[in-house]
Amino acid sequence: MTELYSEQELVRREKIMKLLSLGVNPYGEKYAVTHHAAEIISRFDALEGRLIALSGRLMTIRSHGKASFANLQDESGQVQIYLRQDEVGEESYGIFELLDIGDLLGVSGEVFRTRRGEVTVSVKKWSLLAKALRPLPEKWHGLTNVDLRYRQRYLDLIVNPEVRKVFILRSKIVQGIRDYLNNRGFLEVETPVMHTLAGGASARPFATYHNALDMGLYLRIATELHLKRLIVGGLEKVYEMGRIFRNEGISTKHNPEFTSVEIYQANADYEDMMVLTEELVSSVAFSVCGSMQLDCQGQTLDLTPPWPRLTMLEAVKKFAGIDFREIGTAAEAVPAARQKGLTVKDGTPRGEVINEIFEEFVEPHLFQPIFILDYPVEVSPLAKRRGDDPAMTYRFEAFLGGSEVANAFTELTDPIDQRLRFEQQLSRRAAGDEEAHMMDEDFLQALEYGMPPTGGLGIGVDRLVMMLTDSSSIRDVILFPTMRPRE
RNA sequence: GGGCCAUUAGCUCAGUCGGCAGAGCACCUGACUUUUAAUCAGGGUGUCGGUGGUUCGAGUCCACCAUGGCUCACCA
């Protein structure tokens, strides 16, 4: 017994040799398909007695000697087929007996209903489109090994029908976002994925190298700074949906590459972005899921706008019992945080302390849609300062199902303040914070030509898809999540 | 990176106190022309994740390693 192949693989390889000796190509030509499985069942009354053709994967075989039943699965679902020796002929039936579960077939025949009421295709002609050399996972439990499901997603898609639904839904969500924005005059643009400077977010980038130019490059961690350059350039409503890369840990909410959509609108501010966010999300949910009330981790998430708004200071006061309007300095803020049990380094700026308390004591309580407004300037280096409180910015995040789904602000257009913010980030970088922003002179130069007042919004598409498909892990909404290679 | 858990047949999983490696599906042989988790009669197909160790004897106990899951940390 060779160790290369399992018994079942050997058997299937032998069957290929038999097929070839019978003059059958195990990897056949395209089959002229007229219908899909689900359609044959749903439109049975119109199709009964008619000749149709479909192709799909053989999922079950029930052989009765000189006749066989089987189930054929295509993208739409499964339909039963029925094959009789006296219908297709002895030779054809003999070849059918060399088939295995997993093989790809094209069949044509007449639609009828069996005694037991099952809509079935009575096969008159069929051909082999692809012989499967490996057996499929078990038909009742499907593939549950999470590792294998992600590594061999094609198997997951074949044997777990609900997985296919999630990814079809994802595609519709992405299309729905595009439709919504395109219909409102936004221009979809494409900006570089490889950056000489990784900016626009606090994250560690992936580094790569360009040989001909002899220089290092980073994969983008955000699309923000290029899209704002386009606003400077006079494009008033732009967006980009695309892949972002962050060199960080992997979790049920984080994949190293993920999809964001960033939206920028000139002559707008974060108030406009709030309306845009709740309308975009709720209308996409309605068009894709048919409802604004979603099942989400055993609870009902109601996306009907308008969503409540709470400032970060109000939220912190409400859930942590600390009123930062009365705590104006870092020297006071740090002990207040420690009193709540947080470990905070000496010299942590007030804004960062507020943010940490928010994340620790407020975020776990958020489930229904809510906008948290007015983030501290220290954690918002690209957002405009509030006119009434320069320590805070016109920034909000939208939380859905307890997860941050959108981040937006009235953009900082003042090049002098922007330079100051970058310098503050640089000093944090010098202090060892690898996620602090880098100085982007090229971007500052663009701002110095003048940028109109602008509202900007970023939405984590994967997390939105998680919400709308009730998925608890980001890996369940990414076809091929990042994995360590096997062996 | 820390903690906990998992890894046994192609797949889903059992495996008691350390004593011959098991079941269902799939697969193989045979029967069967309306079955549908088809049925009936027979067949076990295996580097028990890897490497060491303890032991008369290890799937089982110990150590280390690998991969994955959950979780904490980190991070939007």
Contact class for A/A201 vs. all strands (heavy atom < 4.0 Å): base, sugar-phosphate, or nothing? nothing
Search all heavy atoms of A/D74 against all heavy atoms of A/R164 and return the closest pair with its distance. O-NH1, 3.0 Å
Is the phosphate of B/A38 approached by A/R62 (side-chain N or O, under 4.0 Å from OP1 or OP2)? yes
In this structure, how many angstroms lie between the C1' atom of B/C75 and the CZ atom of A/F258, rounded? 10 Å
Atom-pair distance (CD on A/E363; C1' on B/C72), nearest Å: 16 Å
In whole angstrom, give me the gap between the C1' atoms of B/A58 and B/G53. 11 Å
For B/G68, what is the paired nucleotide under Watson-Crick or G-U wobble rules, both distances under 3.5 Å? B/C5
Between A/Y82 and A/Q80, do the side chains contain an N or O donor and an N or O acceptor separated by less than 3.5 Å? no
CD of A/E118 versus P of B/U36: gap in Å, rounded? 11 Å
Where along nucleotides 5-15 of chain B does protein come under 4.0 Å, by heavy atom, of base (B) or sugar-phosphate alone (S), with - for untouched nucleotides? -----BBSS--
Candidates B/C32, B/G69, B/U33 - which lies nearest the side chain of A/R84: B/U33
Specify whether A/Y270 and A/F396 have parallel, tilted or perpendicular ring planes, treating 30° as the upper limit for parallel and 60° as the lower limit for perpendicular. tilted
Does B/C40 have a Watson-Crick or wobble partner in any strand here, with both distances under 3.5 angstrom, and which is it? B/G30
Pick the P atom in B/C62 and in B/C4, then give their distance to the nearest Å. 13 Å
Would you measure the distance from the C1' atom in B/G68 across to the matching atom in B/G30 and give it in whole Å? 43 Å
Strictly distance-based, threshold 3.5 Å: is any side-chain N or O of A/Q418 a donor or acceptor partner for the main-chain N or O of A/P381? yes
Report yes if a side-chain nitrogen or oxygen of A/R475 is closer than 4.0 Å to either non-bridging phosphate oxygen (OP1 or OP2) of B/C70; otherwise report no. yes
With a 4.0 Å cut-off on heavy atoms, is A/Q80 in touch with a base, just the backbone sugar-phosphate, or nothing at all? base
Within the structure shown, what part of the strands sits under 4.0 Å from A/R246 by heavy-atom distance: base, sugar-phosphate, or nothing? sugar-phosphate
For A/G65 and for A/D100, locate the closest nucleotide of RNA chain B by heavy-atom distance; then report the residue assigned to the nucleotide nearer the 5' terminus. A/D100
How close or far is atom P of B/A38 from atom OH of A/Y82, stated in whole angstroms? 16 Å
Would A/E224 and A/K228 pass as an ion pair if we require N to O under 4.0 Å? yes
Figure out the CD/P separation between A/E359 and B/C75, and round it to whole Å. 8 Å
Measure from CG on A/N255 to P on B/C75 and round the result to the nearest Å. 18 Å
By nearest-nucleotide position on RNA chain B, the 5'-leaning member of A/I61 and A/T120 is A/T120
Using a heavy-atom cut-off of under 4.0 Å over every strand shown, decide if A/T252 touches base, sugar-phosphate, or nothing. sugar-phosphate
Residue matched to B/G22 through Watson-Crick or wobble contacts both under 3.5 angstrom: B/C13
Inter-nucleotide C1' distance (B/U34, B/G15), Å rounded: 42 Å
For the pair A/H226 and A/H195, name the ring-plane relationship: parallel under 30°, tilted 30 to 60°, perpendicular over 60°. tilted
Between the base of B/U67 and the side chain of A/D147, is there a donor and acceptor pair under 3.5 angstrom? no
Counterpart base for B/G57, defined by Watson-Crick or G-U wobble contacts under 3.5 Å: none
Would you name the heavy atoms of A/I221 and A/R246 that are closest together and state the gap between them? O-NH2, 2.8 Å
Taking atom P in both B/A21 and B/U16, compute the distance separating them and give it to the nearest angstrom. 14 Å
Roughly how far apart, to the nearest Å, are B/G42 and B/C61 at atom P? 37 Å
At under 4.0 Å, does any side-chain N or O of A/R116 touch on OP1 or OP2 of B/U36? yes
B/C74 pairs with which nucleotide, Watson-Crick or G-U wobble, both distances below 3.5 Å? none
With heavy atoms under 4.0 Å as the rule, sort A/Y93 into base, sugar-phosphate or nothing. nothing
If I pick the C1' atom on B/G50 and the same atom on B/U8, what distance separates them, to the nearest angstrom? 14 Å
Can you measure A/E360 atom CD to B/A73 atom C1' for me and round it to whole angstrom units? 11 Å
Any side-chain N or O of A/R484 below 4.0 angstrom from OP1/OP2 of B/G68? yes
Rounded interatomic separation in angstrom, taking CD from A/Q78 and P from B/U35: 19 Å
Distance-only side-chain donor-acceptor flag, A/S68 / A/Y93, under 3.5 Å: yes
Which one of A/R13, A/K131, A/R134 satisfies the salt bridge (charged side-chain N to carboxylate O under 4.0 Å, His left out) criterion with A/D100? A/K131
Quiz question: by atom type and distance under 3.5 Å, do the side chains of A/E240 and A/T191 form a donor-acceptor pair? yes
Roughly how many Å apart are B/C20 and B/G52, using the P atom of each and rounding to a whole number? 24 Å
